[in-house]
Amino acid sequence: MAELMLFRRDADGRDIELPGSTVALEVDLQRRVEASLEAMLGIRFLASEYATGPWHRGRIDTLGLDENGAPVVIEFKKGSDSGVLSQAVSYLSWLDSAHHEFEALVRRMLGAEAAESIDWRRPRMVCIAAGFSHHDRVAVQRLPERIDLVRYRVFDGGLLSLLLVDSSPGSPNPAASRRHREREVAVASAPTVSAAPTPGTASLVPECLRDLYSELEDALTAWDEVEVAVLRHYIAYRRLVNLASVLFRPKHQAILMYLRLDPGSVTLEESFTRDMRGIGHLGTGDLEVRLGSAADLERATPLIRRAFEAT
């Protein structure tokens, strides 16, 4: 089991480990995470305590839409609960049968554009609990659903930690919306190469950038628990949130990479790095890095390392 240890330096200059604990009430954890849902998990809030109706007979703790447009169900457990996975599968089953209901909720809370861009291929379940059993972690890898197991701890001084202990990328949903399937067909008709380093990326990677992208992907997947999500216009590399988004500009012989990194902490270089705060763009991340050669990738490697090591 992954462990997170926090230390505080005392008056004598020695580091003392901070003891972690659990919340007194489950709802306290839920409300705290919901209040900063996008900052913590990259998920836009939709609803709390959402009733799933008479057939599924449940009440979803939190509903959201992640930064890649995927529907998300979040469940909180004060302690460790071996039934969390069966609950996850049940709620994802409800979600699969409630496309129109969910789309109406997104339209009401986030607007028509967000509702039109929902990606139904891989809905997510995020389980946040004090701990998970070995059997939970094994089961996640066997289930076709996309599930993240996140362990929480609270510490003195108002600190809250969220640690991704296991994750399953899931299998594409065969019942994806007709609208999204049409978009996939449109993407597949674009000029592509016959193969790419990661399965599913061929429809996005231009031949002229194939070699550079192969090296870039090696750098982006060098860390554990990195999920590669191939979307309509970009490829996302994520743990709990997107850490990097990759787009291709074949006319300019360049790859654009957006990192989850504060541009204010970087010395910006013209034609290489750019502050994208307040500037609309495809993908997610506030720091744009323009890659046109292996030398550019070498310069970008420390930035990639910073973005990934910060999570």
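Side chains are part of it too, since the values below use all heavy atoms of this structure and drop only hydrogens, waters and symmetry mates.
- Proximity of Phe248 to Ile235: side-chain heavy atoms (C-beta onward) are separated by under 4.5 Å at one or more points.
- Counting only distance, with no hydrogens or angles, the side chain of Arg232 and the backbone of Ser117 share no donor-acceptor pair below 3.5 Å.
- Of the possible polar contacts, one joining the Tyr152 side chain to the Val23 backbone as a donor-acceptor pair under 3.5 Å is found.
- Between Ile74 and Leu37 the shortest side-chain heavy-atom distance falls below 4.5 Å.
- Using a 4.5 Å heavy-atom cutoff, the side chains of Ile304 and Leu216 are in contact.
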Stepwise side chain to side chain contact (heavy atoms under 4.5 Å, CB included) check, Arg260 with Arg239: CA-CA 12 Å; Arg260 189 183 179 89; Arg239 284 175 174 161; over 6 Å; no
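- Of all non-hydrogen atoms in Ile118 and Pro71, the two that sit nearest each other are CG2-CG, 3.8 Å.
- Counting heavy atoms from C-beta on, the side chains of Leu220 and Val246 come closer than 4.5 Å.
- Using a cut-off of 4.0 Å between Lys/Arg side-chain N and Asp/Glu carboxylate O, Arg146 and Glu227 are scored as salt-bridged.
- Heavy-atom neighbours of Glu270 CD from other residues, nucleotides or ligands within 6.0 Å: at or below the threshold of 12.
- Closest approach of Leu65 to Leu46, counting heavy atoms only: N-CD1, 4.1 Å.
- Environment of CZ in Arg142: sparse, with no more than 12 heavy atoms of neighbouring residues, nucleotides or ligands closer than 6.0 Å.
- Within the model, atoms CG of Leu259 and OG1 of Thr284 stand 10.0 Å from one another, a figure rounded to the nearest 0.5 Å.
- Side-chain contact of Gln30 with Glu26: a donor-acceptor pair under 3.5 Å is absent, judged by distance alone.
- Between Glu116 and Arg107, at least one side-chain N (NZ, or NE/NH1/NH2) sits under 4.0 Å from a carboxylate O, which counts as a salt bridge.
- Gln141 is listed as a side-chain neighbour of Asp166, based on a closest heavy-atom distance under 4.5 Å.
- Residues Ala300 and Phe272 share a closest heavy-atom pair of N-CZ, 3.9 Å.
- There is a path of hydrophobic side-chain contacts, each under 4.5 Å, that joins Phe132 to Val89.
- Considering every non-hydrogen atom in both Leu209 and Ala254, the closest pair reads CD1-O, 3.3 Å.
- The structure places CG of Leu164 at 8.0 Å from CG of Leu149, a figure rounded to the nearest 0.5 Å.
- Of the listed residues (Asp66, Val72, Leu162), just one forms a side chain to side chain contact (heavy atoms under 4.5 Å, CB included) with Leu41, and that residue is Leu162.
- Among residues two or more places apart in sequence or in another chain, the salt bridge (Lys or Arg N to Asp or Glu O under 4.0 Å) test is passed with Arg8 by none.
- Taking the side chain as every heavy atom from C-beta outward, Phe7 and Leu18 never approach each other to under 4.5 Å.
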CA sep, side-chain torsions, deciding dist, call: Cys127, Lys77, side chain to side chain contact (heavy atoms under 4.5 Å, CB included): CA-CA 8 Å; Cys127 304; Lys77 300 298 176 185; over 6 Å; no
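- In this structure a side-chain-to-backbone donor-acceptor pair under 3.5 Å is present from Glu75 to Asp61.
- Of the possible polar contacts, none joining the Glu145 side chain to the Leu92 backbone as a donor-acceptor pair under 3.5 Å is found.
- Considering NE2 of His233 and CG of Leu282, their distance stands at 6.0 Å, rounded to 0.5 Å.
- A chain of hydrophobic side-chain contacts below 4.5 Å, direct or via other Ile, Leu, Val, Met, Phe, Trp or Tyr residues, connects Leu247 to Met276.
- Judged purely by atom type and a 3.5 angstrom limit, Ser245 has no side-chain atom pairing as donor or acceptor with the backbone of Tyr258.
- Under the 3.5 Å distance criterion, the side-chain polar atoms of Asp262 are matched with a main-chain donor or acceptor of Gly264.
- A donor-acceptor contact under 3.5 angstrom links the side chains of Ser48 and Arg31, judged on distance only.
- Closest non-hydrogen pair, Met125 versus Ala88, comes out as CG-CB, 3.3 Å.
- Between the side chains of Ser93 and Asp96, not a single donor N or O lies within less than 3.5 Å of an accepting N or O.
- Put simply, Phe155 and Phe76 are part of two different groups of oily side chains (I, L, V, M, F, W, Y) that touch within less than 4.5 Å, one to the next.
- Taking CG of Asp10 as the reference point, atom CG of Asp15 lies at 8.0 Å (rounded to 0.5 Å).
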Side chain to side chain contact (heavy atoms under 4.5 Å, CB included) between Trp120 and Leu95, intermediate numbers included: CA-CA 10 Å; Trp120 284 107; Leu95 189 60; 3.9 Å; yes
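- Using the six-membered ring where Trp is involved, Trp94 and Tyr50 have ring planes that are tilted, between 30° and 60° apart.
- Arg153 contributes no side-chain N or O that, together with a main-chain N or O of Leu159, makes up a donor-acceptor pair within less than 3.5 Å.
- The nearest pair of heavy atoms linking Leu105 to Ala47 is CD2-CB, 4.1 Å.
- To the nearest 0.5 Å, atoms CE (Met257) and OG1 (Thr273) are separated by 10.5 Å.
- Remark: the backbone N or O of Lys78 is not paired with any side-chain donor or acceptor of Thr22 at under 3.5 angstrom.
- Side chain to side chain, Asn242 and Asn68 meet the donor-acceptor criterion of an N or O pair below 3.5 Å.
- Of the residues Arg299, Arg290, Arg274, the one that meets the side-chain hydrogen bond (donor to acceptor under 3.5 Å, both in side chains) test with Glu269 is Arg299.
- For the pair His281 and Leu256, the minimum side-chain heavy-atom distance is 4.5 Å or more.
- Summarising the geometry, atom CD belonging to Glu298 is positioned 12.0 Å from atom CG belonging to Leu291; distances are rounded to the nearest 0.5 Å.
- Hydrophobic clustering (ILVMFWY, side-chain heavy atoms < 4.5 Å, transitive): Leu29 and Leu6 are in distinct clusters.
- Applying the 6.0 Å contact sphere to CD of Glu113 captures no more than 12 heavy atoms from other residues, nucleotides or ligands.
- Residues Val140 and Val138 fail the side-chain proximity criterion, which asks for heavy atoms closer than 4.5 Å.
- Not a single ring-ring contact (aromatic ring centres under 6.0 Å, His included) links Tyr234 to another residue, sequence neighbours left out.
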Audit row: Leu287, Leu268, side chain to side chain contact (heavy atoms under 4.5 Å, CB included) steps and yes/no: CA-CA 9 Å; Leu287 180 68; Leu268 300 179; 3.7 Å; yes
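- In terms of modelled atom types and a separation under 3.5 Å, the side chain of Glu215 and the main chain of Ala294 share no donor-acceptor contact.
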